[in-house]
**Q** 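Sending over a structure as structure tokens; questions will come in a sec.
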Amino acid sequence: MSRFALMLHRELRLALRQGSDSLMVVAFFVLAVVLFPFGVGPEPNVLERVAAGVLWVNALLASMLSLDRLYQGDYEDGSLELLVLAPAPLELLVAAKVAAHWLTTGLPLLLAAPLLAILMHMNPEGFLVLELSLLLGTPALSLIGSVGAALVLGARRGGVLLSLLILPLYVPILIFGAGAIDAALHGFPANSHLVILAALLLGALPLGLFASSAALRQATE
Amino acid sequence: MQNFANPGRFLRLAEALIPWFAWATAILIAVGLYLGLVASPADYQQGESVRIMYVHVPSAWMGLFAYTSMAVASGVALVWKHPLADLAAKATAPVGAAFTFLCLFSGSLWGKPMWGTWWVWDARLTSMLILLFLYLGYMALVDAFDDPTRGAKAAAILALVGWVNVPIIKFSVDWWNTLHQPASVSRAGMPTVDKAMLIPLLLMVVGFTTYYVTVLLLRIKSEILASRIRNLRLMQVHGSGE
């Protein structure tokens, strides 16, 4: 556990010292959502109808755009090879890196989401479910994204490739995340959606850590 | 299985098998198409357009079957480092993607007379579309590295992750579709298929499968030959330098 904590501490310190990265993720999220009223028109009922989907799709894209930071720097300066050789399970170190990624990108999205929900005229009944669905969904996005980020290390055109690899795998989380909010807004219980989101998170945890570690090992061979 | 890790032995076996599979493909598809397009009855509801089924259903089956074969080959390549398994997985991807595309295309052609539109966000069409994206991602990753063995390994991991995800994606798309079911579209479901339709359908399914095996053997063969040519060229360059 102390290795996990050390790694988490290192990652968080790096992220905070390098400064504006997590702010930029939030800025992207806000800007991308604000573009929608320009595209579909400012009528409150139209915005209200699409709010849940717009918020979720943009949170997903914002989380994806920050993935290259997860391993790329360590890969380029060689510290990734040391991490793979370190006398600790690689899965544990990956878990710490993913946790740090979520704390610096997923958590800020959670804080910005209610504000944007107000801008999108979402009914306040949906706010609690919006937060809960993001709380369960964004860690799963980070875990799945970690696999993609590890796979494209050293590839040409890594950024575009990354989106092609992981966006199809994000579909279930998007469906249940946006579905939970829609259910709550239409007066249905959102529990079943949230429970499935939690199940997806629990499934992504071992699979994501295992597959990311396998990908990191073959990237540093 | 390890016996065929020797490319020379594999090539001899492939040479012997390819004509058999090629002829089986030609005969099965010819008979299947005749029975399906000419000899079988039209559907009492859908009329003649039901005949699209004889291409649509086998290509859907092949899209899924090829993805599973790709995942199995990737697993074999990762666990046993079998040299031909990498080639088999890599050779399968474009074939599977083509079948998936054919399934979507024929589904769209079928949808126009039946549902009055080229595309509906039907659960099955949508999951096939995502499967196509999974294939495209795999093919892009294989080609993205300067070192082909790196690409093959990374893509093998992706294929396995994708394979675990396919049932989850299918389930969630089904769920999503039942929640957002458009009122105008009613699927008649698949009632028990009559024998006159089932036999050509099965013939086409087997014919498509043997076609896949033929193309797979040909593609692995040409990959092996291409790497031999590469090695010969390198030896030539190396030799002329001396």
Side-chain angles (χ1 to χ4, degrees), chain A residues 53 140 143-180 182-183 186 188 190 192-193 196-197 199-201 203-204 206-221, chain B residues 67 71 74-75 77-79 81 86 93 97 100 121 123 126-181:
Chain A
L143 280 165
I144 299 172
S146 148
V147 181
L151 283 175
V152 300
L153 287 177
R156 284 172 265 124
R157 310 173 307 263
V160 189
L161 184 62
L162 181 61
S163 52
L164 188 58
L165 298 189
I166 60 173
L167 283 181
L169 303 178
Y170 276 174
V171 167
I173 294 167
L174 174 61
I175 288 176
F176 290 106
D182 268 337
H186 291 96
F188 297 109
S192 50
H193 290 83
I196 292 176
L197 264 184
L200 289 176
L201 173 59
L207 183 72
L209 295 183
F210 188 63
S212 305
S213 306
L216 289 179
R217 284 200 187 95
Q218 64 88 24
T220 51
E221 246 174 31
Chain B
Y67 201 87
S74 301
L78 282 178
V79 174
K81 306 210 184 299
D86 267 339
T100 310
W121 289 95
T126 312
S127 4
M128 284 314 268
L129 184 66
I130 296 172
L131 185 66
L132 180 64
F133 292 144
L134 288 177
Y135 273 119
L136 294 181
Y138 177 91
M139 284 154 67
L141 189 62
V142 167
D143 286 337
F145 294 89
D146 293 327
D147 173 10
T149 56
R150 270 288 320 272
K153 271 195 184 159
I157 296 173
L158 180 71
L160 288 177
V161 171
W163 188 62
V164 173
N165 266 287
V166 164
I168 301 173
I169 292 173
K170 177 82 180 87
F171 161 76
S172 43
V173 169
D174 279 349
W175 175 299
W176 162 80
N177 191 251
T178 45
L179 283 183
H180 297 263
Q181 185 73 44

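Below, chain A is the first sequence line, B the second, and so on; all start at residue 1.
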**Q** Indicate every side-chain donor-acceptor pair of residues 161-168 of chain B with a distance under 3.5 Å to a residue at least two apart or in another chain.
**A**
{"unit_1": "B/Asn165", "atom_1": "ND2", "unit_2": "B/Val161", "atom_2": "O", "d": "3.1"}

**Q** Please find the pair of heavy atoms, one from A/Leu162 and one from A/Ala149, that lie closest to each other, and give the distance.
**A** CD1-N, 3.4 Å
**Q** With a 4.5 Å cut-off on side-chain heavy atoms, are A/His193 and A/Phe188 touching?
**A**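 A side-chain contact under 4.5 Å is absent here.
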**Q** So what's closer than 4.5 Å to chain B heavy atoms on A/Leu167: side chain, backbone, both or neither?
**A** neither
**Q** For the atom pair CG (A/Leu209) and OG (A/Ser146), what is the distance rounded to the nearest 0.5 Å?
**A** 7.0 Å
**Q** Name every donor-acceptor pair, under 3.5 Å, that has one atom in a side chain of residues 132-143 of chain B and the other anywhere in the protein, sequence neighbours excluded.
**A**
{"unit_1": "B/Tyr135", "atom_1": "OH", "unit_2": "B/Gly63", "atom_2": "O", "d": "2.6"}
{"unit_1": "B/Tyr135", "atom_1": "OH", "unit_2": "B/Tyr67", "atom_2": "N", "d": "2.9"}

**Q** Could you tell me which portion of A/Ala219 (side chain, backbone, both or neither) has an atom closer than 4.5 angstrom to a non-hydrogen atom of chain B?
**A**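 The answer is both parts of A/Ala219.
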**Q** Other residues, nucleotides and ligands only: do more than 12 of their heavy atoms fall within 6.0 Å of CZ on A/Phe210?
**A** no
**Q** A/Val147, A/Leu200, A/Ile196, A/Ile144: which one forms the most heavy-atom pairs within less than 4.5 Å of chain B?
**A**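 Maximum pair count with chain B is reached by A/Ile196.
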**Q** Taking all heavy atoms of A/Gly177 and all of A/Leu197, pick out the closest pair and write down the distance.
**A** CA-CD1, 3.9 Å
**Q** May I ask you to name which of A/Leu153, A/Leu161, A/Leu151, A/Leu164 has the most heavy-atom pairs under 4.5 Å with chain B?
**A**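 Greatest number of close heavy-atom pairs with chain B: A/Leu151.
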**Q** Mind checking what makes salt bridge (Lys or Arg N to Asp or Glu O under 4.0 Å) contact with B/Asp146, not counting sequence neighbours?
**A**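 Partners of B/Asp146 by the salt bridge (Lys or Arg N to Asp or Glu O under 4.0 Å) criterion, ordered by chain and then number, come out as A/Arg156.
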**Q** Using non-hydrogen atoms and a limit below 4.5 Å, what part of residues 168-176 of chain A faces chain B?
**A** A/Pro168, A/Leu169, A/Val171, A/Pro172, A/Ile175, A/Phe176
